[in-house]
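Please read the structure below before turning to the comments.
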Amino acid sequence: MVRAGTLLCLVFCIYSAQSCQPTGLDSVTASQIAEKLLSNGGQPYGCTVHSMTKHLYDDPLTLSSLEVRGDMLHSSAWVGCDLFEFDYGSQYPSRIFQKRAKGLVHSFRMEVDEDWSEEMDWDCGDFSGRYAPIMGVGIYPLGGWDLCSQAAGLIQSHPPSRIEKLDSQRLLYWDAPPDGLKSDFDGQFFLGDYAIDSEIKSIKLGVDYTLGVPTYFELVLKNGESISTSYQNFEFLGDTYPARVRELRSKINVPAFVKCLCDGKIYQVQVKLPGRPLVKLK
């Protein structure tokens, strides 16, 4: 009985020790996280974005705030559509509906002035050969066009200092970013006129490892400027991207008298403008 009891106790102790060992998910490496993200790279997706930027734009000593909320849709490389609300800290809202494809970007802006009258206009531009920065919504532009590829590109190009586990989340930290890394972010984030000589203090990236998508990005500069962005409701769209664009466009009232300055190939907003045919989404 003594031997049997001792053996049973020994088996229980071995089982308990094994059950407390880290699982495969607990020991995920940065390379594995990057591979998981890249497995979703290039797929059509949609997500909601909430970003807060602190920047030294008008005053080298005073931080200004910019909050961005809205929906982002991505179809393929260089093709996307967004509807964002911008809050510069004033009581007057501003919304921007953007479409990007084939090297062109169309932006419809609707702002409310101090008389609470709506001002609306189109703005068209050419970004062929460059990424099209939208303040506060990207991660690492050199990593690719979509968010999954951008997050993976940052991890592969500059391995993080440490990784923490929080449920299905992996929190990656860059506690001492390498010199010169900030120049890779300048065009993407527009962190202000006074950020030229300020290096990066820290970077934080959140990834849902189960889904293989980014959930959070934070960049802090040594001069106090920062940007923090969360990505929620991540959804892979498949062939539903055109329908989702129509749904997104329906959330903003585009009156017929507002004219686009460019009749490029991606002029696909479904409104009847004077002297022009109704162009339907493909």
Side-chain angles (χ1 to χ4, degrees), residues 20-43 45 47-55 68 72 74 77 131 133-192 195-234 236:
C20 294
Q21 294 298 314
T23 64
L25 289 179
D26 292 325
S27 57
V28 168
T29 65
S31 296
Q32 289 174 317
I33 296 174
E35 291 175 1
K36 186 74 171 182
L37 288 163
L38 285 175
S39 68
N40 290 323
Q43 292 191 55
Y45 70 88
C47 66
T48 58
V49 175
H50 181 203
S51 177
M52 178 64 75
T53 301
K54 301 288 187 179
H55 58 106
V68 179
M72 172 192 293
H74 165 84
Y131 54 85
I134 305 173
M135 181 162 30
V137 301
I139 296 177
Y140 182 65
L142 299 185
W145 180 261
D146 61 280
L147 292 174
C148 291
S149 297
Q150 287 184 12
L154 175 60
I155 296 170
Q156 292 179 325
S157 301
H158 307 282
S161 307
R162 54 193 173 93
I163 303 174
E164 295 181 359
K165 177 180 179 292
L166 180 63
D167 299 325
S168 64
Q169 305 286 313
R170 295 300 180 275
L171 304 179
L172 296 83
Y173 295 88
W174 286 258
D175 299 319
D179 294 338
L181 178 59
K182 177 183 170 293
S183 62
D184 296 337
F185 295 96
D186 283 344
Q188 178 77 4
F189 297 109
F190 295 111
L191 282 174
I196 297 176
D197 298 325
S198 181
E199 287 295 326
I200 298 175
K201 179 180 180 180
S202 64
I203 298 175
K204 177 181 177 181
L205 173 66
V207 176
D208 188 319
Y209 186 72
T210 302
L211 299 177
V213 299
T215 58
Y216 182 78
F217 180 75
E218 180 184 76
L219 176 69
V220 180
L221 300 185
K222 292 181 179 179
N223 66 355
E225 294 186 292
S226 65
I227 185 167
S228 57
T229 307
S230 63
Y231 310 96
Q232 305 295 326
N233 306 315
F234 221 101
F236 293 104

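Since the model is a prediction, treat every value here as computed from it, not as a measurement. Here, residue 1 is the first one in the sequence, and each next residue gets the next number.
In this view, Glu218 satisfies the salt bridge (charged side-chain N to carboxylate O under 4.0 Å, His left out) rule with no residue, not counting sequence neighbours. For Asn233, the side-chain hydrogen bond (donor to acceptor under 3.5 Å, both in side chains) test picks out Thr48, with sequence neighbours left out. Shown here are the side chain to side chain contact (heavy atoms under 4.5 Å, CB included) partners of Ser202, two or more places apart in sequence or in another chain: Val220.
Thr215 contributes a side-chain N or O that, together with a main-chain N or O of Gly206, makes up a donor-acceptor pair within less than 3.5 Å. At least one donor-acceptor pair closer than 3.5 Å links the side chain of Ser161 to the backbone N or O of Asp175. For Gln150 (side chain) and Trp145 (main-chain N/O), a donor-acceptor pair under 3.5 Å exists by modelled atom type. Of the possible donor and acceptor atoms, none in the side chain of Asp167 sits under 3.5 Å from a partner among the backbone N and O of Gln169.
Heavy-atom minimum distance, Ile163 versus Ala30: CD1-N, 3.6 Å. Contact detail for Phe236 and Val213: the closest heavy-atom pair is CZ-CG1, 3.7 Å. When all heavy atoms are compared, the tightest approach of Ala34 to Ala152 is O-CB, 3.6 Å.
In this structure, CG in Leu181 is found 7.0 Å from CG in Leu154, a value given to the nearest 0.5 Å. Considering CG of Asp146 and CE of Met72, their distance stands at 10.5 Å, rounded to 0.5 Å. In this structure, the separation between CD1 on Ile33 and CG on Leu38 is 12.0 Å, given to the nearest 0.5 Å. Of the inter-residue distances, the one linking Leu219 atom CG with Ser226 atom OG reads 8.0 Å to the nearest 0.5 angstrom. Interatomic distance, Leu37 CG to Leu211 CG, rounded to the nearest 0.5 Å: 10.5 Å. Rounded to the nearest 0.5 angstrom, Lys204 NZ and Leu172 CG are separated by 10.5 Å.
With contacts defined as side-chain heavy-atom distances shorter than 4.5 Å, the pair Pro214/Cys148 qualifies. Residues Val28 and Lys36 fail the side-chain proximity criterion, which asks for heavy atoms closer than 4.5 Å. Arg170 places a side-chain heavy atom less than 4.5 Å from the side chain of Lys165. Between Pro177 and His158 the shortest side-chain heavy-atom distance does not fall below 4.5 Å. Under the 4.5 Å side-chain criterion, counting only non-hydrogen atoms from C-beta, Cys47 is in contact with Leu147. The shortest side-chain heavy-atom distance between Leu171 and Tyr216 does not fall under the 4.5 Å cut-off.
Ring orientation note: the planes of Phe234 and Tyr45 are close to parallel, at an angle under 30° on the 30°/60° scale.
Tested against Ile203 for a side chain to side chain contact (heavy atoms under 4.5 Å, CB included), the candidates Phe217, Tyr173, Tyr140 yield a single pass: Phe217.
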